[in-house]
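In what follows, a single structure is set out as structure tokens and then discussed.
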Amino acid sequence: DRRLVDIIAKSRLKYPDVVDISEDADVFPIFGWKSLLESEITIEWLIPGLLQAQGYMLLTGKAGVGKTQLSLQAAIHMGLGKEFLGFEVTRKMRVLIMSMEMGHADIKDFITTMSKTLTAEELETLQENILIAPVGEPIHLDTPKGQEMLRNILSVTKPDLFMWDSFGSSSSGDLVSEGPVKSVMQFNDKIRKEFGVASWFIHHNRKATADNKKPKGLDDVYGNQYLVNHASSVYCLWPVGDNDIDVIPLKKRLSKLEKPWAIHRRDNDLSFERRSVISGIVEDSDNVVSLDFGVVTDDEIENRPVGGEDFNGEF
């Protein structure tokens, strides 16, 4: 196999340019500009505009905001091949959920609530397409043992996507330090290519400080920069009221970065509905005044009258 790869790579190098490669060098494909344009490869989207095949999604936010619940709902919709919060899901997919923080009883409680509105047929489909490992303790992906464990699981389950909850359970070292985080991210890059699988990591932001009361930007993701540098997409969740959450896109490598939007969580089945938030913030010295105009649906915004007798010119 290595000899065949070597022959193919050298053939590509021969035209249009000649590059000298030693016998012992590792071989990888090198294209000319035109030959790369003409190469037969395209982006395969799992969720168009959000996550591609072999991509890396990072979902972050403050503790308790609902990152795990939202991720589980995303997995359900991917397993069923159903649209999720306005995003198309291209097909039914197999999703592996690695639950490091929640054990068997905890995650069973979540999926029991989420299953209340699912049909018998949907439950059978999810039995085949959603695989859950309720580990309940860390698996360190910056160690040979942890890497071997995940490799073995992926080779058996063969998922389209694996979800990891949460990133802090993947490293044996300090997340602020470059070494441990870089090691995990490089392994994540390697296995995505090796197994043709996408990854979805759940993480958290830095704690609020006097100078930064709302840490919800890209620089506020806790840990070393390699966490966000390697990501295809980074989204942040921020609570704005009872069961209302702002969804803040922070990074999208392959599509346009949309404006923040909102979701509402239903208590009966822990499902989410996409909504729009009209709000504003005025800061005055040490006091923060929140001007909250409520959470409304997109349809309500479109049908809301503006001008004429319904608008008196005052704010």
Side-chain angles (χ1 to χ4, degrees), residues 26 28-30 36 41 43-63 65 67-68 70-71 74 87 98 100-101 138-144 146-147 150-151 154 160-209 212 214-238 246-260:
D26 287 333
F28 49 85
I30 300 177
L36 182 57
I41 188 169
I43 298 295
E44 178 192 347
W45 288 103
L46 302 181
I47 305 176
L50 183 66
L51 181 64
Q52 76 275 25
Q54 300 183 40
Y56 157 36
M57 170 78 179
L58 179 64
L59 182 65
T60 185
K62 64 184 301 182
V65 69
K67 300 183 294 294
T68 298
L70 184 69
S71 298
F87 289 98
M98 300 293 296
M100 306 292 105
E101 294 195 349
I139 295 179
H140 297 145
L141 299 182
D142 55 348
T143 65
Q147 293 177 1
L150 183 56
R151 268 201 174 94
L154 293 177
D160 297 288
L161 167 74
F162 75 88
M163 290 183 169
W164 192 277
D165 187 12
S166 65
F167 185 83
S169 300
S170 68
S171 174
S172 61
D174 181 5
L175 297 186
V176 179
S177 302
E178 178 178 313
V181 174
K182 186 176 181 180
S183 178
V184 174
M185 286 293 93
Q186 288 178 341
F187 177 66
N188 180 44
D189 293 343
K190 189 171 184 177
I191 59 171
R192 287 188 289 124
K193 183 178 180 180
E194 181 180 338
F195 291 95
V197 63
S199 62
W200 178 304
F201 280 83
I202 298 171
H203 193 41
H204 61 89
N205 288 354
R206 303 178 190 276
K207 293 182 179 180
T209 64
N212 186 7
K214 294 195 172 184
K216 53 184 179 179
L218 195 61
D219 292 337
D220 296 317
V221 177
Y222 181 76
N224 189 268
Q225 63 180 354
Y226 277 94
L227 258 169
V228 298
N229 288 353
H230 285 233
S232 307
S233 299
V234 182
Y235 275 66
C236 174
L237 302 185
W238 189 265
D246 273 348
V247 180
I248 308 167
L250 299 179
K251 176 186 176 182
K252 296 177 83 171
R253 177 173 290 162
L254 299 178
S255 58
K256 183 179 178 181
L257 197 67
E258 77 268 23
K259 293 181 180 180

Output for pair (Met98 CE, Phe201 CZ), nearest 0.5 Å, gives 10.0 Å

Could you go through Phe167 and Thr60, starting from their C-alpha distance and side-chain angles, then the distance that decides it, and tell me whether this counts as side-chain contact (heavy atoms from CB on, under 4.5 Å)?
CA-CA 10 Å; Phe167 185 83; Thr60 185; over 6 Å; no

Could you tell me the separation between the CD atom of Gln147 and the CD1 atom of Ile139, rounded to the nearest 0.5 Å?
12.0 Å

Taking CG in Asn212 as the centre, count heavy atoms belonging to other residues, nucleotides or ligands within less than 6.0 Å. Is the count above 12?
yes

Looking only at heavy atoms, which two atoms of His140 and Pro138 are closest? And how far apart?
NE2-CB, 3.7 Å

Spacing of OG belonging to Ser255 relative to CD1 belonging to Ile47, to within rounding of 0.5 Å:
11.5 Å

Going by the angle between their ring planes, with limits at 30° and 60°, are Phe87 and Tyr235 parallel, tilted or perpendicular?
perpendicular

Taking every heavy atom of Asn224 against every heavy atom of Val176, the minimum-distance pair comes out as ND2-O, 3.5 Å

Do Pro260 and Asp246 have side chains that approach each other closer than 4.5 Å (heavy atoms only, starting at C-beta)?
no

Are the side chains of Met185 and Tyr56 in contact, using a 4.5 Å heavy-atom criterion?
yes

Is there a donor-acceptor contact under 3.5 Å linking the side chains of His230 and Asp189?
yes

Heavy-atom pair with the smallest gap, counting every atom of Thr68 and Ile202
CA-CD1, 4.0 Å

Roughly how far apart are Ile248 CD1 and Leu218 CG, rounded to 0.5 Å?
11.5 Å

Do the side chains of Leu237 and Val247 get nearer than 4.5 Å, heavy atoms only?
yes

Check whether any side-chain heavy atom of Ser71 lies under 4.5 Å from a side-chain heavy atom of Asp165, and answer yes or no.
no

With rounding to the nearest 0.5 Å, note down the distance linking CD1 in Ile191 to CD in Gln54.
11.0 Å

Is the closest side-chain heavy-atom distance between Phe187 and Asp142 below 4.5 Å?
no

Measure across Gln52 and Ser232 and return the closest heavy-atom pair with its distance rounded to 0.1 Å.
NE2-OG, 3.2 Å

Can Phe195 and Arg151 be said to form a side-chain contact (heavy atoms from CB on, under 4.5 Å), step by step?
CA-CA 9 Å; Phe195 291 95; Arg151 268 201 174 94; 3.9 Å; yes

Is any side-chain heavy atom of Glu101 less than 4.5 Å from a side-chain heavy atom of Ser169?
yes

Determine yes or no for a side-chain-to-main-chain donor-acceptor pair under 3.5 angstrom, with Lys182 supplying the side chain and Tyr226 the backbone.
no

Could you tell me if the side chain of Leu175 sits less than 4.5 Å from the side chain of His203, heavy atoms only?
yes

Nearest heavy-atom neighbours spanning Leu58 and Ala231
CB-CB, 4.4 Å

In terms of heavy-atom contacts, Arg192 and Gly55 come closest through CD-O, 3.3 Å

Value rounded to 0.5 Å, distance of OG in Ser233 from CG in Leu254
7.5 Å

Please answer whether the main-chain N or O of Pro215 pairs with a side-chain N or O of Lys62 as donor and acceptor at a distance below 3.5 Å.
no

